[in-house]
Amino acid sequence: MASLSFIVGIFGNIISILVFTSPISTFWQVVKKRSTENYKGLPYITTLLSTSLWSFYGILKPGGFLVLTVNAAGAIMQFIYVTLFLIYAPKDKKIKLMKLVAIINVGFFGAVIAVTLLAIHGNMRLTVVGILCAGLTVGMYASPLAVMRTVIKTKSVEYMPFFLSFFLFLNAGVWSTYAVLVKDFYIGVPNGIGFILGSAQLILYSIYKNRSMSSKSEESTEEAEEDGSAHLVKGDVEMSSYEVEDKNRLKNRTIAKGRSLPSPSVNRQHSLRQIMKALSMSPYELHSHEEDKDDIGR
(Lines give C-alpha, C1' and ligand atoms only; values in the text may rest on other atoms or scores of the structure.)
Protein backbone atom coordinates (compact mmCIF):
# COMPACT_ATOMS: atom_id res chain seq x y z
CA MET A 1 0.00 0.00 0.00
CA ALA A 2 2.91 2.36 0.80
CA SER A 3 4.43 1.86 -2.64
CA LEU A 4 1.06 2.57 -4.34
CA SER A 5 0.62 5.80 -2.36
CA PHE A 6 4.14 6.85 -3.36
CA ILE A 7 3.38 6.26 -7.08
CA VAL A 8 0.11 8.20 -6.79
CA GLY A 9 1.95 10.97 -4.95
CA ILE A 10 4.56 11.21 -7.72
CA PHE A 11 1.80 11.42 -10.29
CA GLY A 12 0.14 14.14 -8.18
CA ASN A 13 3.43 16.06 -8.06
CA ILE A 14 3.68 16.04 -11.86
CA ILE A 15 0.10 17.23 -12.40
CA SER A 16 0.35 19.93 -9.69
CA ILE A 17 3.58 21.29 -11.17
CA LEU A 18 1.88 21.45 -14.59
CA VAL A 19 -0.92 23.49 -12.98
CA PHE A 20 1.63 25.76 -11.27
CA THR A 21 3.42 26.38 -14.58
CA SER A 22 0.21 27.41 -16.42
CA PRO A 23 0.71 31.19 -15.77
CA ILE A 24 4.17 31.17 -17.46
CA SER A 25 2.74 32.33 -20.80
CA THR A 26 0.92 35.17 -19.03
CA PHE A 27 4.06 36.40 -17.30
CA TRP A 28 6.07 36.03 -20.48
CA GLN A 29 3.71 38.60 -22.00
CA VAL A 30 4.02 40.76 -18.87
CA VAL A 31 7.83 40.78 -19.14
CA LYS A 32 7.70 41.31 -22.89
CA LYS A 33 5.32 44.29 -22.64
CA ARG A 34 6.84 45.46 -19.33
CA SER A 35 3.34 45.93 -17.96
CA THR A 36 0.83 43.87 -15.97
CA GLU A 37 -2.03 45.51 -17.93
CA ASN A 38 -5.39 44.34 -16.43
CA TYR A 39 -4.08 41.21 -14.68
CA LYS A 40 -4.74 40.86 -10.95
CA GLY A 41 -1.99 39.97 -8.51
CA LEU A 42 -4.13 38.76 -5.59
CA PRO A 43 -4.57 35.15 -6.86
CA TYR A 44 -0.79 34.68 -6.98
CA ILE A 45 -0.37 36.16 -3.50
CA THR A 46 -2.98 33.81 -1.99
CA THR A 47 -1.56 30.80 -3.88
CA LEU A 48 1.88 31.68 -2.51
CA LEU A 49 0.40 31.61 1.01
CA SER A 50 -1.35 28.29 0.33
CA THR A 51 1.75 26.54 -1.05
CA SER A 52 3.88 27.94 1.80
CA LEU A 53 1.48 26.60 4.43
CA TRP A 54 1.29 23.20 2.72
CA SER A 55 5.09 23.08 2.63
CA PHE A 56 5.11 23.75 6.39
CA TYR A 57 2.46 21.02 6.78
CA GLY A 58 4.67 18.61 4.81
CA ILE A 59 7.56 19.37 7.19
CA LEU A 60 5.43 18.73 10.29
CA LYS A 61 3.72 15.59 8.95
CA PRO A 62 5.57 12.29 9.30
CA GLY A 63 6.00 10.82 5.81
CA GLY A 64 4.93 14.11 4.21
CA PHE A 65 7.87 14.28 1.80
CA LEU A 66 5.72 14.29 -1.38
CA VAL A 67 3.48 17.01 0.06
CA LEU A 68 6.58 19.08 0.83
CA THR A 69 8.22 18.66 -2.59
CA VAL A 70 5.24 19.66 -4.73
CA ASN A 71 4.26 22.63 -2.57
CA ALA A 72 7.84 23.86 -2.19
CA ALA A 73 8.12 23.86 -6.00
CA GLY A 74 4.78 25.68 -6.21
CA ALA A 75 5.87 28.24 -3.59
CA ILE A 76 9.05 29.00 -5.55
CA MET A 77 7.04 29.52 -8.77
CA GLN A 78 4.44 31.70 -7.06
CA PHE A 79 7.22 33.77 -5.46
CA ILE A 80 8.67 34.40 -8.95
CA TYR A 81 5.21 35.36 -10.28
CA VAL A 82 4.57 37.76 -7.40
CA THR A 83 8.03 39.32 -7.80
CA LEU A 84 7.49 39.88 -11.53
CA PHE A 85 4.07 41.33 -10.83
CA LEU A 86 5.52 43.80 -8.32
CA ILE A 87 8.25 44.82 -10.79
CA TYR A 88 5.95 45.55 -13.73
CA ALA A 89 2.78 46.72 -11.95
CA PRO A 90 1.81 50.42 -12.04
CA LYS A 91 2.96 52.48 -9.05
CA ASP A 92 -0.43 52.72 -7.30
CA LYS A 93 -1.16 49.01 -7.78
CA LYS A 94 2.40 48.11 -6.77
CA ILE A 95 2.04 49.85 -3.39
CA LYS A 96 -1.24 48.03 -2.64
CA LEU A 97 0.24 44.65 -3.61
CA MET A 98 3.35 45.23 -1.51
CA LYS A 99 1.10 45.89 1.50
CA LEU A 100 -0.82 42.65 0.80
CA VAL A 101 2.42 40.67 0.48
CA ALA A 102 3.67 42.14 3.76
CA ILE A 103 0.41 41.32 5.56
CA ILE A 104 -0.42 37.91 4.04
CA ASN A 105 2.83 36.27 2.98
CA VAL A 106 5.12 37.73 5.63
CA GLY A 107 2.92 38.74 8.59
CA PHE A 108 0.27 36.00 8.59
CA PHE A 109 2.54 33.16 7.47
CA GLY A 110 5.23 34.21 9.95
CA ALA A 111 2.63 34.40 12.75
CA VAL A 112 1.36 30.88 11.93
CA ILE A 113 4.89 29.46 12.12
CA ALA A 114 5.68 31.32 15.33
CA VAL A 115 2.44 30.36 17.10
CA THR A 116 2.63 26.74 15.91
CA LEU A 117 6.22 26.21 17.07
CA LEU A 118 6.07 28.28 20.27
CA ALA A 119 2.51 28.04 21.60
CA ILE A 120 1.24 24.68 20.29
CA HIS A 121 2.70 21.27 21.07
CA GLY A 122 2.37 17.66 19.93
CA ASN A 123 -0.20 16.53 17.35
CA MET A 124 -2.12 19.77 17.80
CA ARG A 125 0.42 21.51 15.56
CA LEU A 126 -0.50 19.30 12.61
CA THR A 127 -4.20 19.83 13.31
CA VAL A 128 -4.01 23.65 13.33
CA VAL A 129 -1.85 23.89 10.22
CA GLY A 130 -3.92 21.19 8.48
CA ILE A 131 -7.18 23.08 9.07
CA LEU A 132 -5.65 26.31 7.70
CA CYS A 133 -4.33 24.50 4.63
CA ALA A 134 -7.64 22.73 4.01
CA GLY A 135 -9.58 25.99 4.28
CA LEU A 136 -7.34 27.76 1.75
CA THR A 137 -7.54 24.82 -0.66
CA VAL A 138 -11.34 24.73 -0.48
CA GLY A 139 -11.34 28.45 -1.29
CA MET A 140 -9.07 27.81 -4.27
CA TYR A 141 -11.30 25.06 -5.66
CA ALA A 142 -14.47 27.11 -4.97
CA SER A 143 -13.20 30.15 -6.90
CA PRO A 144 -14.39 28.76 -10.30
CA LEU A 145 -18.01 28.83 -9.02
CA ALA A 146 -18.34 32.38 -10.37
CA VAL A 147 -17.08 31.17 -13.76
CA MET A 148 -19.56 28.27 -13.70
CA ARG A 149 -22.37 30.73 -13.01
CA THR A 150 -21.24 32.81 -16.00
CA VAL A 151 -21.23 29.69 -18.19
CA ILE A 152 -24.82 28.83 -17.17
CA LYS A 153 -25.97 32.43 -17.62
CA THR A 154 -24.34 33.00 -21.02
CA LYS A 155 -24.63 29.39 -22.21
CA SER A 156 -21.03 29.68 -23.39
CA VAL A 157 -17.76 28.06 -22.22
CA GLU A 158 -15.66 30.93 -23.55
CA TYR A 159 -14.55 31.98 -20.05
CA MET A 160 -13.86 28.44 -18.78
CA PRO A 161 -10.77 26.97 -20.51
CA PHE A 162 -11.08 23.23 -20.92
CA PHE A 163 -7.49 22.23 -20.17
CA LEU A 164 -7.31 24.28 -16.95
CA SER A 165 -10.60 22.75 -15.75
CA PHE A 166 -9.43 19.27 -16.75
CA PHE A 167 -6.08 19.52 -14.95
CA LEU A 168 -7.68 20.93 -11.79
CA PHE A 169 -10.16 18.03 -11.89
CA LEU A 170 -7.33 15.54 -12.43
CA ASN A 171 -5.18 17.14 -9.73
CA ALA A 172 -7.99 16.99 -7.16
CA GLY A 173 -8.78 13.39 -8.09
CA VAL A 174 -5.18 12.20 -7.72
CA TRP A 175 -4.63 13.93 -4.38
CA SER A 176 -7.99 12.63 -3.10
CA THR A 177 -6.81 9.11 -3.95
CA TYR A 178 -3.48 9.80 -2.24
CA ALA A 179 -5.32 11.07 0.88
CA VAL A 180 -7.40 7.89 1.04
CA LEU A 181 -4.27 5.71 0.72
CA VAL A 182 -2.33 7.55 3.45
CA LYS A 183 -5.49 8.30 5.50
CA ASP A 184 -4.96 12.07 5.62
CA PHE A 185 -8.19 13.92 6.39
CA TYR A 186 -6.76 17.43 5.74
CA ILE A 187 -5.62 16.54 2.23
CA GLY A 188 -8.69 14.43 1.43
CA VAL A 189 -11.55 16.83 2.29
CA PRO A 190 -10.51 19.89 0.20
CA ASN A 191 -9.39 17.78 -2.74
CA GLY A 192 -12.59 15.72 -2.59
CA ILE A 193 -14.58 18.97 -2.83
CA GLY A 194 -12.29 20.06 -5.67
CA PHE A 195 -12.92 16.76 -7.48
CA ILE A 196 -16.70 17.27 -7.27
CA LEU A 197 -16.47 20.88 -8.48
CA GLY A 198 -14.07 19.86 -11.24
CA SER A 199 -16.52 17.18 -12.38
CA ALA A 200 -19.28 19.80 -12.45
CA GLN A 201 -17.11 22.08 -14.61
CA LEU A 202 -16.45 19.30 -17.13
CA ILE A 203 -20.16 18.42 -17.23
CA LEU A 204 -21.00 22.08 -17.91
CA TYR A 205 -18.34 22.16 -20.61
CA SER A 206 -19.83 19.10 -22.33
CA ILE A 207 -23.33 20.64 -22.15
CA TYR A 208 -22.54 24.12 -23.43
CA LYS A 209 -19.63 23.38 -25.77
CA ASN A 210 -21.86 22.65 -28.80
CA ARG A 211 -24.05 25.64 -28.02
CA SER A 212 -21.01 27.91 -28.01
CA MET A 213 -19.92 26.52 -31.37
CA SER A 214 -23.42 26.98 -32.83
CA SER A 215 -23.60 30.57 -31.55
CA LYS A 216 -20.23 31.29 -33.15
CA SER A 217 -21.44 29.82 -36.45
CA GLU A 218 -24.60 31.96 -36.23
CA GLU A 219 -22.48 35.04 -35.62
CA SER A 220 -20.29 34.21 -38.64
CA THR A 221 -23.46 33.70 -40.75
CA GLU A 222 -24.84 37.05 -39.61
CA GLU A 223 -21.54 38.71 -40.45
CA ALA A 224 -21.60 37.11 -43.91
CA GLU A 225 -25.17 38.34 -44.44
CA GLU A 226 -24.20 41.83 -43.31
CA ASP A 227 -21.26 41.78 -45.71
CA GLY A 228 -23.56 40.62 -48.53
CA SER A 229 -26.12 43.33 -47.79
CA ALA A 230 -23.33 45.87 -47.66
CA HIS A 231 -22.18 44.75 -51.11
CA LEU A 232 -25.78 45.01 -52.40
CA VAL A 233 -26.14 48.53 -51.01
CA LYS A 234 -22.81 49.44 -52.51
CA GLY A 235 -23.95 48.06 -55.87
CA ASP A 236 -27.21 50.03 -55.67
CA VAL A 237 -25.29 53.21 -54.88
CA GLU A 238 -22.93 52.59 -57.77
CA MET A 239 -25.84 51.94 -60.17
CA SER A 240 -27.63 55.08 -59.02
CA SER A 241 -24.45 57.09 -59.48
CA TYR A 242 -24.13 55.71 -63.00
CA GLU A 243 -27.76 56.69 -63.72
CA VAL A 244 -27.15 60.22 -62.40
CA GLU A 245 -24.07 60.52 -64.57
CA ASP A 246 -26.06 59.41 -67.63
CA LYS A 247 -28.82 61.95 -66.88
CA ASN A 248 -26.26 64.73 -66.46
CA ARG A 249 -24.67 63.82 -69.78
CA LEU A 250 -28.08 63.87 -71.51
CA LYS A 251 -28.91 67.20 -69.87
CA ASN A 252 -25.63 68.70 -70.99
CA ARG A 253 -26.28 67.53 -74.55
CA THR A 254 -29.78 69.09 -74.48
CA ILE A 255 -28.42 72.38 -73.16
CA ALA A 256 -25.71 72.38 -75.83
CA LYS A 257 -28.31 71.68 -78.46
CA GLY A 258 -30.50 74.48 -77.11
CA ARG A 259 -27.63 76.91 -77.27
CA SER A 260 -27.17 76.13 -80.98
CA LEU A 261 -30.82 77.13 -81.75
CA PRO A 262 -31.75 80.75 -82.69
CA SER A 263 -32.19 83.08 -79.68
CA PRO A 264 -35.83 83.85 -78.85
CA SER A 265 -37.08 87.36 -79.03
CA VAL A 266 -36.97 89.74 -76.06
CA ASN A 267 -40.71 89.54 -75.49
CA ARG A 268 -40.63 85.72 -75.49
CA GLN A 269 -37.77 85.73 -73.00
CA HIS A 270 -39.63 88.17 -70.75
CA SER A 271 -42.88 86.14 -70.85
CA LEU A 272 -40.95 82.95 -70.24
CA ARG A 273 -39.32 84.49 -67.19
CA GLN A 274 -42.71 85.56 -65.84
CA ILE A 275 -44.08 82.05 -66.29
CA MET A 276 -41.08 80.49 -64.52
CA LYS A 277 -41.33 83.04 -61.73
CA ALA A 278 -45.04 82.33 -61.30
CA LEU A 279 -44.41 78.58 -61.13
CA SER A 280 -41.76 79.08 -58.46
CA MET A 281 -43.98 81.25 -56.23
CA SER A 282 -45.70 79.97 -53.14
CA PRO A 283 -49.47 80.46 -52.70
CA TYR A 284 -48.85 83.29 -50.25
CA GLU A 285 -46.52 85.08 -52.73
CA LEU A 286 -49.01 84.63 -55.57
CA HIS A 287 -51.78 86.17 -53.48
CA SER A 288 -49.68 89.19 -52.52
CA HIS A 289 -48.52 89.57 -56.12
CA GLU A 290 -52.13 89.72 -57.32
CA GLU A 291 -52.99 92.36 -54.72
CA ASP A 292 -50.07 94.49 -55.93
CA LYS A 293 -51.42 94.23 -59.46
CA ASP A 294 -54.87 95.40 -58.33
CA ASP A 295 -53.35 98.39 -56.58
CA ILE A 296 -51.44 99.35 -59.71
CA GLY A 297 -54.62 99.00 -61.85
CA ARG A 298 -56.47 101.33 -59.49
Side-chain angles (χ1 to χ4, degrees), residues 5 8-9 11-24 26 39-58 61 64 66-75 77-78 81-82 100 104-105 108-109 112 126-153 157-208:
S5 64
V8 173
F11 190 50
N13 270 248
I14 294 169
I15 296 172
S16 296
I17 289 172
L18 288 174
V19 173
F20 289 140
T21 56
S22 60
I24 287 177
T26 299
Y39 295 114
K40 295 181 180 179
L42 185 60
Y44 306 104
I45 294 172
T46 53
T47 308
L48 175 59
L49 175 63
S50 177
T51 50
S52 300
L53 283 172
W54 276 114
S55 298
F56 185 49
Y57 178 85
K61 179 180 173 60
L66 293 175
V67 177
L68 172 62
T69 53
V70 65
N71 285 285
M77 291 180 184
Q78 298 303 319
Y81 298 152
V82 171
L100 285 173
I104 296 174
N105 299 116
F108 181 75
F109 182 60
V112 169
L126 199 64
T127 302
V128 172
V129 177
I131 290 171
L132 289 174
C133 291
L136 284 171
T137 306
V138 169
M140 182 190 74
Y141 281 125
S143 60
L145 286 173
V147 179
M148 293 167 67
R149 182 183 176 185
T150 303
V151 170
I152 296 170
K153 190 175 180 180
V157 294
E158 182 180 359
Y159 301 103
M160 190 173 70
F162 172 77
F163 285 106
L164 182 59
S165 301
F166 176 73
F167 276 107
L168 288 173
F169 160 79
L170 198 61
N171 184 65
V174 170
W175 283 109
S176 298
T177 306
Y178 175 82
V180 171
L181 293 173
V182 299
K183 299 178 181 178
D184 192 313
F185 178 81
Y186 305 113
I187 297 175
V189 171
N191 283 287
I193 294 171
F195 181 76
I196 294 169
L197 293 175
S199 303
Q201 288 182 58
L202 294 178
I203 291 169
L204 283 177
Y205 194 91
S206 63
I207 291 171
Y208 293 110

Heavy-atom donor-acceptor pair, Ser50 side chain to Thr46 backbone, under 3.5 Å: no
Listed partners of Gln78 passing side chain to side chain donor-acceptor pair (under 3.5 Å), at least two apart: none
Gap separating the CZ atom of Phe195 from the CZ atom of Phe169, nearest 0.5 angstrom: 4.0 Å
Review item, side-chain donor-acceptor pairs of residues 130-141, under 3.5 Å, at least two apart:
from, atom 1, to, atom 2, distance (Å)
Thr137, OG1, Trp54, NE1, 2.9
Thr137, OG1, Cys133, O, 2.8
Tyr141, OH, Asn171, ND2, 3.2
Tyr141, OH, Asn191, OD1, 3.0

Residues which pass side-chain contact (heavy atoms from CB on, under 4.5 Å) with Phe162, listed by chain and number, not counting sequence neighbours: Phe166, Leu202, Tyr205
Side-chain heavy-atom pair Ile152, Tyr208 within 4.5 angstrom cut-off: yes
Full working for side chain to side chain contact (heavy atoms under 4.5 Å, CB included) between Ile24 and Tyr81: CA-CA 8 Å; Ile24 287 177; Tyr81 298 152; 3.5 Å; yes
Between CD1 on residue Ile207 and CD1 on residue Ile203, distance to nearest 0.5 Å: 7.0 Å
Pairing residues for Phe20 by the ring-ring contact (aromatic ring centres under 6.0 Å, His included) criterion, not counting sequence neighbours: none
Test applied, side-chain contact (heavy atoms from CB on, under 4.5 Å); reference residue, Val67; option that passes from Val182, Asn13, Asp184, Ile187: Ile187
Rounded distance [0.5 Å steps], CG in Leu170 versus CD1 in Ile14: 11.0 Å
Point-to-point distance, once rounded to the nearest 0.5 Å, from CD1 of Ile15 to CH2 of Trp175: 9.5 Å
Residue list, side-chain contact (heavy atoms from CB on, under 4.5 Å) with Ile104, at least two apart or on another chain: Ile45, Leu49, Leu100
Leu66 and Val70, any side-chain heavy atoms less than 4.5 Å apart: no
Approximate separation, where rounding is to 0.5 Å, of Ser199 OG and Leu204 CG: 11.0 Å
Intermediate values then yes/no, side chain to side chain contact (heavy atoms under 4.5 Å, CB included), Val129 and Tyr186: CA-CA 9 Å; Val129 177; Tyr186 305 113; over 6 Å; no
Shortest non-hydrogen contact from Thr47 toward Pro43: OG1-O, 2.6 Å
Distance, nearest 0.5 Å, that separates CE of Met77 from OG of Ser16: 10.5 Å
Heavy-atom pair of closest approach, residues Gly188 and Ser176: O-OG, 4.3 Å
Phe11 atom CZ: more than 12 heavy-atom contacts under 6.0 Å: no
With Val8 via side-chain contact (heavy atoms from CB on, under 4.5 Å) - residues at least two apart: Leu4, Val174, Thr177, Tyr178, Leu181
